[in-house]
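Only one structure is covered here, and it is reproduced in the block below.
Convention: sequence-line order gives letters A, B, ...; per-chain numbering from 1.
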Number of protein chains: 2
Amino acid sequence: MSTRPARSKRATVHDVALEAGVSRGTVSRYVNGERYVSAAARDAIEAAIAKVGYVPNTAARNLVMQRTQAVGFIVHEPHSLFVDDPNIGSILLGANTELSQADHQMVVLIVDSDRDTDRVARYLTGGLVDGVIIVSARADDPITRVVERLQLPAAYVGHPPGAASSAAFVVIDNLGAARSITERLAATGRRRIGMIAAALDRDSGADRLAGFTAALGDSFDEALVEPVPFYSYSAGRDGMRRLLERAPDLDGVFAASDAVAAGAIEALRASGRRVPQDVGVVGFDDSAWARRTTPQLSTVRQPAAGLGAEAARLVLAQLREQEMITERRLDTEIVWRESA
Amino acid sequence: MSTRPARSKRATVHDVALEAGVSRGTVSRYVNGERYVSAAARDAIEAAIAKVGYVPNTAARNLVMQRTQAVGFIVHEPHSLFVDDPNIGSILLGANTELSQADHQMVVLIVDSDRDTDRVARYLTGGLVDGVIIVSARADDPITRVVERLQLPAAYVGHPPGAASSAAFVVIDNLGAARSITERLAATGRRRIGMIAAALDRDSGADRLAGFTAALGDSFDEALVEPVPFYSYSAGRDGMRRLLERAPDLDGVFAASDAVAAGAIEALRASGRRVPQDVGVVGFDDSAWARRTTPQLSTVRQPAAGLGAEAARLVLAQLREQEMITERRLDTEIVWRESA
DNA sequence: TTGTAGGCGTTATCAA
DNA sequence: TTGATAACGCCTACAA
């Protein structure tokens with residue numbers, strides 16, 4: 001233990017000006033790289049800055065400039081996202097790369113409690129960011145409302161059910177992709193195909209179920225659909241267990257995400273079934289999970305980093321007051337491995 | 001596509017004061033919940049706020065208050081952390097919970113390029129946060145230097161090699177834990193134990209190797225140590241392949257992390273070896289990886305959320321100008337499953 | 001090319 | 001209990 005030294009007061013433009021024997025305006029001009037500053041002034045200012053240890057105060061600059069060059073990135077449901085869904089990391093990195101190139105700072109804000117909700121809402125209204133990217137928003141979320149009310153430039157990753165149409169969204173075709181992979185699974189000769197359907201209160205979850213239903217057509221059997229609350233490993237494992245009790249003759253499963261599929265495989269193995277010999281399993285996301293299961297998953301590749309990057313582009317466009325794109329749909333792709 | 005409406009200018013305290021027929025000072029007092037504001041004034045202000053749609057500007061407040069109630073959380077090496085190490089999510093959530101309770105906003109900043117380094121450094125110096133938590137810092141990192149120079153209240157998760165001693169750290173006993181689990185592995189009767197040693201340029205990596213070496217004593221064989229750059233699945237898989245070529249008679253492996261262990265198991269399986277019958281494998285972290293491998297990993301449990309929470313406490317303590325704790329060591333625990 | 005002065009939206013001090 | 005007024009640190013006309 002030791003006592004921390006009192007933090008010395010920070011030098012300001014004023015101090016630099018005094019030290020250099022010029023005016024604050026000139027210092028400001030130098031700092032911002034404008035022309036019209038003489039060599040003599042420049043030298044004096046540089047020396048002064050070094051001497052007094054000046055660093056610009058961004059907060060003050062933001063206040064007068066009325067912009068922050070910062071974009072918020074809001075993460076809801078952090079537990080399921082961070083712990084079970086490696087996609088969130090890729091989305092973050094994709095968005096960060098894009099914002100970084102535009103010289104904007106990405107600040108990610110986590111919403112993990114009611115306290116967080118209020119505080120983050122205040123943060124957004126407080127003029128600390130110019131815009132915001134939101135993943136896994138819910139319809140009547142306070143954050144969403146605040147964004148709406150302030151008309152804060154925003155882009156959603158995924159389409160929150162019932163969201164106002166004035167916002168920008170970047171999505172994938174969940175329905176079409178779910179339909180395609182279900183058809184592909186059926187094409188392997190499976191007769192009794194079930195689905196572990198997650199997060200039906202979100203568009204992504206509902207659409208994946210709709211795609212599954214559409215693919216099966218007449219052979220669709222409602223009893224083979226097991227709804228689970230989250231896109232998580234444990235939800236998949238538990239859901240698979242219940243489904244097997246109801247339908248022990250199952251020979252194929254579409255899991256709503258790779259994490260769910262991994263849990264399902266675990267439950268299948270525990271029940272003595274072999275994958276893919278006895279039961280074929282397909283997932284969704286092509287997240288890091290897909291290559292970690294044994295056998296590796298056949299799944300739908302979702303361009304996670306691309307989703308983040310595109311969302312970033314959508315808010316940057318709004319900041320530039322360009323035409324607003326309201327929806328951007330990214331392509332998916334089926335990757336066929338060994339689990340079916 | 002549609003053109004976005006011009007954002008209307010935001011109402012200020014000034015506008016509210018005008019509308020309510022009181023002074024700015026009174027409005028400010030009301031907004032901050034101070035006493036000494038009459039019922040009449042209160043009603044008028046409430047009505048005015050609703051009418052003009054006033055929301056406080058946090059940036060301006062921060063400027064005059066000289067504090068932000070925000071703490072930065074810096075993530076280096078985001079690829080390996082986000083994609084391969086689920087621990088980062090738990091650390092984030094642990095820190096966020098603790099900061100949230102103290103009514104502080106956690107803002108996560110990602111450093112993924114040189115541009116990011118500079119921008120984040122400016123962000124930290126700019127008066128936008130009161131303190132900072134740093135994970136996986138490197139010794140001569142510009143961020144670290146900035147934090148040092150500004151004497152910004154900080155706490156590091158993990159001990160960057162060569163870091164200045166004036167900072168606060170929260171660590172685990174990597175050496176002791178590595179030693180313990182290696183001894184445990186040896187106790188199962190393994191004779192030829194190797195290690196896939198990751199990130200030797202970081203304290204955690206170097207210490208885990210040191211623990212491994214210490215545990216084996218005379219039977220330590222340098223040829224059985226395979227260094228890999230990162231704590232990642234792919235590094236583990238590739239490292240295991242190379243190690244097997246050198247030492248096909250191997251019967252035990254200590255992998256520097258669970259992700260590395262998962263990769264190693266994959267390589268072992270590909271080589272036709274069974275785990276744990278032919279080769280016993282142990283990992284480190286008890287991250288989500290540990291339960292996803294088949295068989296599940298025997299490993300060292302690291303209190304990830306606790307690390308984040310403790311780091312948060314360390315910076316909060318500094319913000320309160322309390323005695324500074326320079327190092328806090330959290331306990332680990334061996335969890336023995338089926339992989340050895 | 002440089003200095004002056006006003007303002008960004010708040011809070012805080014001090015009379016009234 | 002309230003209202004002026006001066007900061008906070010910076011940018012930016014405008015004048016010199």
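Distance from the side chain of B:Val64 is smallest to D:dA7 among D:dA7, D:dC10, D:dT5. The side chain of B:Leu63 approaches C:dG9 more closely than any other nucleotide in the set C:dG9, D:dG3, D:dC10. Closest approach to the A:Arg24 side chain among D:dG3, C:dT2, D:dC10 is made by D:dC10 (side chain taken as heavy atoms from C-beta onward). With distances taken from any side-chain atom of B:Val13 to the nucleotides C:dA12, C:dT10, D:dC11, the minimum falls on C:dT10. Set against C:dT2, D:dA4, D:dC10, the side chain of A:Val37 has C:dT2 as its closest nucleotide. When the nucleotides D:dC10, C:dT1, C:dT10 are ranked by their closest atom to the side chain of A:Tyr36, C:dT1 comes out on top. The A:Met65 side chain lies nearest to D:dT12 when the options are D:dT12, C:dG3, D:dT2.
Between B:Asn62 and the phosphate of C:dT10, there is no side-chain N or O to OP1/OP2 separation shorter than 4.0 Å. One finds no side-chain N or O of A:Thr12 lying less than 4.0 angstrom from the OP1 or OP2 phosphate oxygen of D:dG9. Of the side-chain N and O atoms in B:Tyr54, one or more sit less than 4.0 angstrom from OP1 or OP2 of C:dT10. For the pair A:Ser28 and D:dC11, the criterion of a side-chain N or O lying under 4.0 Å from OP1 or OP2 is met. Taking 4.0 angstrom as the limit, B:Thr26 places none of its side-chain polar atoms (N or O) nearer than this to OP1 or OP2 of D:dT1. Taking side-chain N and O atoms only, B:Gln66 has a distance below 4.0 Å to OP1 or OP2 of D:dG9.
Other residues, nucleotides and ligands contribute at most 12 non-hydrogen atoms within 6.0 Å of the CG atom of B:Asp114.
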Apply side chain to side chain contact (heavy atoms under 4.5 Å, CB included) to the pair A:Glu19 and A:Lys51, showing each step before the final yes or no. CA-CA 9 Å; A:Glu19 180 69 30; A:Lys51 177 161 181 205; 3.0 Å; yes
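Taking CG of A:Leu92 as the start and CG of A:Leu307 as the end, the distance is 12.0 Å to the nearest 0.5 Å.
Between A:Arg313 and A:Glu310 a salt bridge is recorded (basic side-chain N to carboxylate O distance below 4.0 Å).
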